[in-house]
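Computed from a predicted structure; not experimentally measured.
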Amino acid sequence: MIYDLIVIGAGAGGIMASIVAAQNNNSVLVLEKLPSIASKLKATGGGKCNITNTLSNEEFMSHFGRDGRFMQDALKALDHNALIKFLNGIGVETHAPDGLRVFPTSHNSQTIISALQKKMIELNIETICSQKVEELLYDKKEITGLKTQDTIYRCKNIILASGGLGFPTLGANGDGYSLSEDVGHTVTQAYPAMLPLHTKEKWVENCRADTIAKVKLKIDIKKYKKLQATGDLIFTKKGIRGPVVLDFAREITPLLSKYKEVPIVLKLTNDMNEDEIFKQLKKQKGNILDAVSTLLPKALSNELCKLANIDTNLSFSKIDGKNKAKLLTLLASTPLTIIGSDGFKMAMITRGGINLKEINPKTMQSKIINGLYFCGEVINIDGPCGGYNLQWSFSSGCLAGQLT
């Protein structure tokens, strides 16, 4: 049998691509190397599955940086409104509790997976799991099929939806990159993204009990000083995590390969300057630890006082001027040094992938091999947490599945 389409990878993008293609009367085969489909989708958002968000397409693209415009046609094919409508149509109710992030009302990713699976069966989409694709077959720059570990399948089109390198326990190993390179595509350097970071400073492990809200994180390297993000931060045994770190890790991990150590600055006190902090502490009664604790959690306040060599039993007025100045500086701009991460084993997404210049953004088809399409994380485009990357997978899969 010669299939109209074979989809490599049964994640969000691959599944959406298969459904769109099958709805257009194409015979579709989905090959998944794991024993079951949608393993990474199942784990998304701790299993709660933040599907998308309610931003306009323009705002949405802006969060992907300079490459965001590449997504324009994919979002026209399936933006967040269309995705929500599609999910409602297959029985998945959604809501946005905070007005931005969209979840299934069940807050359970299995709700979405079951509905998608049911739709695939309804459309007679053939799915074979535990099938690792080893080679793409083509003749005169036209796709003719592919080879797995034990079978050759013939087809007119292939959609590569194999994901990146993040979370290898969920099947990611970058095989889509090697398959693409074998047929002439180039792949940019891949870096782990959306993951916790490790710091040189050890005092952070004493501050693990609290979440610090609205922290501004900036890179303290002259060339990269404009790079910054704001959000909630959590200290860990090894360093820092939390939404602001997950979002910003994609900027830092490439720099780690270049500099080995990346100095950063944390604005922990809602961007208060030293004068504002001085006035706040001066009017507090009692010891300095209690005074600083009006701004930050007590454990963190204690560590910053220790870094400033301050006796926490003293009142603010009794502290030596030099130490007082050091404390104010630390409170206004807390320095840390990023020295690493847990790498791809803890990375929710990958920064890097198949070169955007080699993909037609209006169709997601390769500019090198006719009949070869791409979608999702395998492509060199990634965004922050908050439904961005999953929406991109669904959107790019929808556009690719049109086989135009």
Run the salt-bridge test on [X] and [Y] with the 4.0 Å N-O cut-off and return the result as yes or no.
| X | Y | answer |
| --- | --- | --- |
| E276 | K279 | no |
| R101 | D98 | yes |
| E32 | K132 | no |
| D220 | K225 | yes |

- Item | Those residues that, when tested against D79, pass side chain to side chain contact (heavy atoms under 4.5 Å, CB included) (two or more places apart) |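 Expected list: N57, N81, A82.
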- Is it possible for you to check whether K282 lies under 6.0 Å from the centre of the six-membered ring of F316, through NZ or CZ, and within 45° of that ring's axis?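 That pair does not qualify as a cation-pi contact.
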- Message: I need the minimum non-hydrogen distance between A115 and V92, along with the two atoms involved.
- Response: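 Minimum heavy-atom contact is CB-CG2, 3.4 Å.
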- Set of ring pair (Phe, Tyr, Trp, His ring centres under 6.0 Å) partners for H107, sequence neighbours left out: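 H95, F103.
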- Compute the ring centroids of W203 and F235, then answer whether they are less than 6.0 Å apart.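 Aromatic pair counts; centres sit under 6.0 Å.
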- Tell me, with the steps shown, if E261 and T337 meet side chain to side chain donor-acceptor pair (under 3.5 Å). CA-CA 6 Å; E261 294 186 355; T337 310; 5.4 Å; no
Checking side-chain polar atoms at under 3.5 Å, does [X] have a donor or acceptor matched by the opposite partner on [Y]?
| X | Y | answer |
| --- | --- | --- |
| E274 | T329 | yes |
| K267 | S333 | yes |
| N360 | Q365 | no |

- Query: Can Y3 and E126 be said to form a side chain to side chain donor-acceptor pair (under 3.5 Å), step by step?
  - Reply: CA-CA 10 Å; Y3 293 92; E126 187 178 349; 2.6 Å; yes
